[in-house]
Protein chains: 2
Amino acid sequence: MDHDGLGPAWRALSDPTRRRILDLLKHGPRTTGDLCEQFDVSRFAIMKHLDILERARLVLVERRGRERWNHLNAVPIRQIYERWISGYQEHWAASLLRLKRRIESKTGKEQ
Amino acid sequence: MDHDGLGPAWRALSDPTRRRILDLLKHGPRTTGDLCEQFDVSRFAIMKHLDILERARLVLVERRGRERWNHLNAVPIRQIYERWISGYQEHWAASLLRLKRRIESKTGKEQ
DNA sequence: TCCATATGTGACCAAATGGTCACATATTAC
DNA sequence: GTAATATGTGACCATTTGGTCACATATGGA
């Protein structure tokens with residue numbers, strides 16, 4: 001049911017540092033060292049984050065000599081939207097209304 | 001920068017069991033005991049998941065006597081889409097093309 | 001060649017996570 | 001009142017997570 005292969009992507013996106021890395025990569029590919037300069041944590045922490053993003057296919061890696069260029073791959077984000085988030089669209093407004101109705105009619109039994 | 005208050009929601013959505021709980025609540029509110037019957041894990045595990053979902057405001061709780069009715073609140077999902085995911089829309093197709101161009105022109109220096 | 005640069009690996013650690021259970025509380029039914 | 005039902009609390013535990021570091025490897029430039 002949830003085995004759509006997007007588990008690693010969901011997991012990768014749960015961390016704010018990783019979401020910020022993706023935000024940086026939106027403006028174009030960057031080397032690992034370049035990315036590290038934008039964060040307070042160590043290079044090793046960023047490398048671990050990049051590894052998690054790479055396994056989730058949210059980052060594609062191109063090696064050029066001694067540099068590692070990290071590219072954003074937005075496809076898994078699109079899939080998360082299509083396969084899960086879009087299914088909640090009709091509830092965005094409805095969910096609050098349904099709660100309101102139910103609370104107001106505590107004695108009713110419709111449903 | 002990432003302090004839009006949606007951190008707990010991102011975190012809550014990273015777990016497949018919790019996403020499945022929300023999927024079940026899409027069809028209408030349910031009591032905790034009713035939800036537990038749909039899962040293999042213990043009632044306590046589900047209660048912890050519900051607590052995390054409640055803190056993330058993805059589940060709203062209405063207490064009726066000894067029952068606890070869990071309601072889906074899709075608003076944080078909408079906000080995650082609006083404030084983060086929608087910003088990647090233009091990259092869904094472009095990201096793969098950009099990578100392709102860059103790899104093909106390894107010697108070029110445009111950018 | 002020799003050195004600075006850029007990235008990779010493995011060990012290690014504290015804290016968070018997801019799970020269990022025993023037990024307590026509160027409400028409905030008889 | 002008493003018993004069954006529904007949920008809540010706290011302790012506990014194994015694993016994962018996010019972080020550190022020392023050290024190794026690989027590449028480009030003088």
Side-chain angles (χ1 to χ4, degrees), chain A residues 1-3 7-25 28-56 58-71 102-103 106-107 109, chain B residues 1-3 6-22 24-25 28-56 58-71 102 106-109:
Chain A
M1 176 156 291
D2 200 66
H3 289 186
W10 274 112
R11 213 64 208 229
L13 292 177
S14 72
D15 183 87
T17 300
R18 290 194 286 267
R19 288 198 301 278
R20 223 183 112 203
I21 289 177
L22 295 178
D23 285 339
L24 288 170
L25 293 182
R30 293 206 187 200
T31 67
T32 302
D34 184 25
L35 278 174
C36 290
E37 292 174 4
Q38 310 293 320
F39 295 88
D40 287 334
V41 294
S42 72
R43 179 174 62 90
F44 312 99
I46 299 299
M47 281 180 56
K48 279 198 177 183
H49 284 306
L50 285 172
D51 187 56
I52 290 171
L53 288 167
E54 191 182 1
R55 290 177 193 277
L58 285 160
V59 162
L60 302 176
V61 173
E62 168 207 3
R63 285 181 179 77
R64 279 209 198 185
R66 64 182 163 184
E67 291 174 328
R68 164 184 163 139
W69 285 83
N70 303 279
H71 297 253
R102 186 172 187 89
I103 289 179
K106 273 190 194 300
T107 54
K109 283 277 187 178
Chain B
M1 178 157 289
D2 198 67
H3 290 185
L6 290 176
W10 273 113
R11 213 65 206 228
L13 292 177
S14 72
D15 184 87
T17 299
R18 289 193 288 265
R19 289 198 300 277
R20 222 183 112 204
I21 289 177
L22 295 179
L24 288 170
L25 294 182
R30 293 204 185 203
T31 67
T32 302
D34 184 24
L35 277 173
C36 290
E37 292 174 4
Q38 310 293 321
F39 295 87
D40 287 335
V41 293
S42 72
R43 178 174 62 91
F44 313 98
I46 299 299
M47 281 181 56
K48 279 198 177 183
H49 284 306
L50 284 172
D51 187 56
I52 290 170
L53 288 168
E54 192 183 0
R55 289 176 193 278
L58 284 160
V59 161
L60 301 176
V61 173
E62 168 207 4
R63 285 183 179 78
R64 278 210 199 185
R66 65 182 165 186
E67 291 174 329
R68 163 185 164 138
W69 286 83
N70 304 280
H71 297 253
R102 187 172 185 88
K106 273 190 195 299
T107 54
K109 284 278 187 178

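Lettering follows sequence order; numbering is per chain, from 1.
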Seminar exercise, completed: Taken to the nearest whole Å, CG/A:D51 to P/D:dT17 is 12 Å
Exercise. B:N70 CG to D:dT7 P: how many Å, rounded?
Worked result: 8 Å
For this session: Find the distance between CG (A:D51) and CD (A:E54) and round it off to the nearest 0.5 Å.
Result: 6.5 Å
For this session: Could you say whether A:E67 or A:R11 is positioned toward the 5' end of DNA chain D, judged by the nucleotide with the nearest heavy atom to each?
Result: A:R11
Exercise. Hey, is the main chain of A:Q38 close enough, under 3.5 Å, to the side chain of A:R20 for a donor-acceptor pair?
Worked result: yes
Exercise. For A:E54 and C:dT9, what is the distance between atoms CD and P respectively, to the nearest whole Å?
Worked result: 10 Å
For this session: Select from A:S14 and B:T31 the residue whose nearest nucleotide in DNA chain D is closer to the 5' end of that strand.
Result: B:T31
For this session: With B:I21 as reference, evaluate B:L53, B:L58, B:D15 under the side chain to side chain contact (heavy atoms under 4.5 Å, CB included) test and give the passing residue.
Result: B:L53
Exercise. Phosphate oxygens OP1/OP2 of D:dA22: is one of them under 4.0 Å from a side-chain N or O of A:R43?
Worked result: no
Problem set entry | Gap between atoms CG and P, on B:L53 and C:dG18 respectively (whole Å) | 11 Å
Problem set entry | B:N70 and its side chain to side chain contact (heavy atoms under 4.5 Å, CB included) partner, picked from B:L25, B:L24, B:D34, B:L22 | B:L25
Problem set entry | Atom-pair distance (CZ on B:F44; C1' on C:dT17), nearest Å | 18 Å
Exercise. Does A:R63 put a side-chain nitrogen or oxygen below 4.0 Å from OP1 or OP2 of C:dT7?
Worked result: no
Problem set entry | Atom-to-atom span, CG of B:D40 to C1' of C:dT20 - whole angstrom | 15 Å
Exercise. Can you tell which of D:dA11, D:dT17, D:dG19 lies closest to the side chain of B:K48?
Worked result: D:dA11
Seminar exercise, completed: Taking for B:I46 and for B:G65 the nucleotide of DNA chain C with the nearest heavy atom, the one nearer the 5' end belongs to B:I46
For this session: Can you tell me the distance, in whole Å, between the CH2 atom of B:W10 and the C1' atom of C:dA16?
Result: 20 Å
Problem set entry | Nearest heavy-atom neighbours spanning B:R11 and A:S14 | CD-O, 3.7 Å
Exercise. Roughly, in whole Å, what's the span from CE in B:M47 to P in C:dG18?
Worked result: 16 Å
Exercise. Has B:R68 got a side-chain N or O lying under 4.0 Å from the OP1 or OP2 atom of D:dA6?
Worked result: no
Exercise. Is any N or O donor-acceptor pair between the side chain of B:R66 and the base of D:dT7 shorter than 3.5 Å?
Worked result: no
Problem set entry | Phosphate-side-chain proximity, A:H49 and D:dT17, N/O vs OP1/OP2 below 4.0 Å | no
